[in-house]
Amino acid sequence: MNESVAASCCWRYVLGVHEQYPEILHGGKIGTTYEVKLTLAEGFENMATGWLAMSSDLKKDYSHWSDYQLNFNPDAEQQWTFVDGYKKNPLEGLTGVYCPHDDASCLYYDEVPTYSQDMHIGATSAHGNEKKWAEPHKAVQYSS
């Protein structure tokens with residue numbers, strides 16, 4: 001096999017006398033990977049980013065407030081919104097409910113896995129045009 005061609009591939013199909021099998025080039029395995037992404041949970045899909053920047057979660061019974069514009073005074077560290085014409089503090093009654101809004105433990109988010117098939121996982125040598133060949137990447141078949 002031409003090494004320069006093989007260096008650009010992740011795997012090849014071997015046709016033996018009594019068997020056929022894939023051979024992984026450059027180590028590792030071919031499989032399925034997944035990445036978990038955070039997506040706004042049901043009822044919070046249209047939440048403005050201002051609400052997500054708050055250090056506290058809104059309780060479920062306040063979640064309808066996410067439809068209203070959030071106002072913030074950074075000098076006084078005060079935030080408020082107008083609900084039905086009245087100025088309201090969205091943190092009122094939320095003592096002890098603090099969240100950095102960066103993982104699925106947050107009330108606002110759900111984890112959604114995204115699966116990718118036919119990935120070259122755990123490569124042990126550089127190949128192809130992959131700059132990050134050690135990270136999972138789409139497997140490319142060698143064809144002669």
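Any value given below was found using the heavy atoms of this structure, including those in side chains, with hydrogens, waters and symmetry copies removed. Here the structure is a predicted model, which means the values were calculated and not measured.
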Distance-only, no hydrogens or angles: does the Thr39 side chain make a donor-acceptor pair with backbone N or O of Val112 under 3.5 Å?
no
Taking distance alone, no hydrogens or angles, what donor-acceptor pairs closer than 3.5 Å link side-chain atoms of residues 115-122 to residues at least two apart or in another chain?
residue	atom	partner	partner atom	Å
His120	ND1	His127	NE2	3.3
His120	ND1	His137	NE2	3.4
His120	NE2	Gly27	O	2.7

side-chain contact (heavy atoms from CB on, under 4.5 Å) partners for [X], two or more places apart:
X: Ala134; answer: none
X: Lys37; answer: Glu35, Thr114
X: Tyr13; answer: Trp11, Leu15, Gln20, Pro22, Gln141

Test item: Ile30 and Ile24 side chains (from C-beta on) under 4.5 Å apart, heavy atoms:
yes
Kindly give the heavy-atom pair with the smallest separation between Ala139 and Cys10, and that separation in Å.
CA-SG, 3.9 Å
Any chance you could measure His26, atom NE2, to Thr124, atom OG1, to the nearest 0.5 Å?
8.5 Å
Can you confirm whether Lys29 is buried at NZ, in the sense that more than 12 heavy atoms of other residues, nucleotides or ligands lie under 6.0 Å from that atom?
no
Sequence neighbours left out, what passes side chain to side chain donor-acceptor pair (under 3.5 Å) with Thr32? Give chain and number order.
none
Output the rest of the hydrophobic cluster of Val14: all Ile, Leu, Val, Met, Phe, Trp and Tyr residues reachable through side-chain heavy-atom contacts under 4.5 Å, sorted by chain and number.
Tyr21
